[in-house]
Amino acid sequence: MYSYAMLYIPVSTFSLVAATQQAFNSVTSRLINAQRFTALIFNSVVVLTFFAALLSVGSSTDGSTTSKIPPGKYALGFVLTLSASAGYALILDEDAAVCTNVVASTVSVVALFASGEWRAVHGEMAGFENGKVRYVATLVGIALGWQAETLGAVRLITRVSSLFANVTSTLALPLVPIFAVVFFGDKMTGIKVVAMLMAVWGFLSYVYQHYLDDRRAAARKGRAAADCSVYAARVGRLAVVPAQDSDMSE
């Protein structure tokens with residue numbers, strides 16, 4: 001769904017709409033992992049959902065969609081991106097990203113050879129406008145990039161939560177649309193700028209919530225350590241008193 005979606009919507013729009021993973025992930029986190037919701041987390045989810053809707057409403061003003069994308073396909077690309085985001089959010093919450101990717105890779109490779117489509121790879125390489133070397137470099141870069149992304153996400157899931165792993169992925173939002181303008185000729189509209197600012201706002205809301213949680217955890221840890229010290233001191237005094245009484249009786 002992600003692959004087909006990128007055929008029908010600009011890269012900058014795709015990257016921003018794909019960030020709705022966080023909204024979907026918050027719902028699945030609540031249902032599957034009993035994720036605790038606060039006002040800041042709710043604000044983050046709502047903001048990221050609204051900016052995706054903003055992009056959808058403003059699609060008609062996106063000049064880059066009119067010349068390169070077939071008529072009527074923008075809405076399909078938008079729906080495909082949202083659907084893929086929901087599916088990926090579910091995978092993150094089940095902590096099965098590695099297993100899912102292994103199965104997907106196996107099925108893809110088997111299908112590539114079983115269908116005979118592997119014979120067309122040479123033609124695609126020859127027809128790549130930037131040359132065969134860059135074609136191979138692009139495929140290798142994509143493979144390595146996805147491996148790093150998957151392993152990093154799994155690490156964040158196991159150490160923190162799936163929702164935090166998804167929120168962290170939004171760090172790229174302010175950069176991807178800019179790169180899309182530079183390298184792919186996308187048009188940076190006012191709506192995209194507002195959507196980028198909303199995405200950053202939603203990300204910072206979640207980060208601030210984690211900051212507050214860390215402070216509360218540190219405070220609880222400090223109180224627990226103080227209570228242990230007081231308890232140890234009391235136990236020590238109780239141990240000394242019977243010894244003194246025994247000496248006096250003798």
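Values reported hereafter were calculated over all heavy atoms of this structure, with side chains retained and with hydrogens, waters and symmetry mates removed.
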ring-ring contact (aromatic ring centres under 6.0 Å, His included) partners of F179, counting only residues at least two apart |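 By the ring-ring contact (aromatic ring centres under 6.0 Å, His included) rule, F179 matches no residue at all.
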How would you list, by chain and number, every residue that makes a ring-ring contact (aromatic ring centres under 6.0 Å, His included) with Y2, sequence neighbours excluded?
->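 Partners of Y2 under the ring-ring contact (aromatic ring centres under 6.0 Å, His included) test: F14.
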With sequence neighbours excluded, residues passing side chain to side chain contact (heavy atoms under 4.5 Å, CB included) with [X]:
X	answer
T106	V102, V110
V107	V103
V109	F113

Mind checking what makes side-chain hydrogen bond (donor to acceptor under 3.5 Å, both in side chains) contact with [X], not counting sequence neighbours?
X	value
E149	Y88
R220	none
E117	none

Hey, any chance V182 and M6 share a hydrophobic cluster, counting ILVMFWY side chains that come within less than 4.5 Å of each other, even indirectly?
->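 The answer is yes; both residues are in one hydrophobic cluster.
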Which atom pair, heavy atoms only, marks the closest approach of [X] to [Y]?
X	Y	result
G77	A5	O-CB, 3.5 Å
S115	L112	OG-O, 3.4 Å
F78	I9	N-CG2, 4.0 Å
M1	S83	SD-CB, 3.5 Å

Starting at CG of L151, measure out to CG of L156 and round the result to the nearest 0.5 Å.
->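 Spacing of CG (L151) from CG (L156) equals 11.0 Å.
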Among Ile, Leu, Val, Met, Phe, Trp and Tyr joined by side-chain contacts under 4.5 Å, find the other residues sharing a cluster with V79 and list them by chain and number.
->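 Hydrophobic cluster check, V79: no partners found.
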Among V133, V140, L139, side chain to side chain contact (heavy atoms under 4.5 Å, CB included) partner for V136 =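 Running side chain to side chain contact (heavy atoms under 4.5 Å, CB included) over V133, V140, L139 with V136 returns exactly one hit, V140.
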Of all pairs that satisfy side-chain hydrogen bond (donor to acceptor under 3.5 Å, both in side chains), the ones with a partner from residues 131-141, not counting sequence neighbours |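 Counting only pairs at least two positions apart or across chains, the side-chain hydrogen bond (donor to acceptor under 3.5 Å, both in side chains) contacts touching residues 131-141 are E124-Y135.
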Greater than 12 external heavy atoms within 6.0 Å of Y4's OH =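 Not buried by this count: 12 neighbours or fewer within 6.0 Å.
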Under the salt bridge (Lys or Arg N to Asp or Glu O under 4.0 Å) test, residues paired with R216 that sit two or more places apart =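 Salt bridge (Lys or Arg N to Asp or Glu O under 4.0 Å) check on R216 returns D213.
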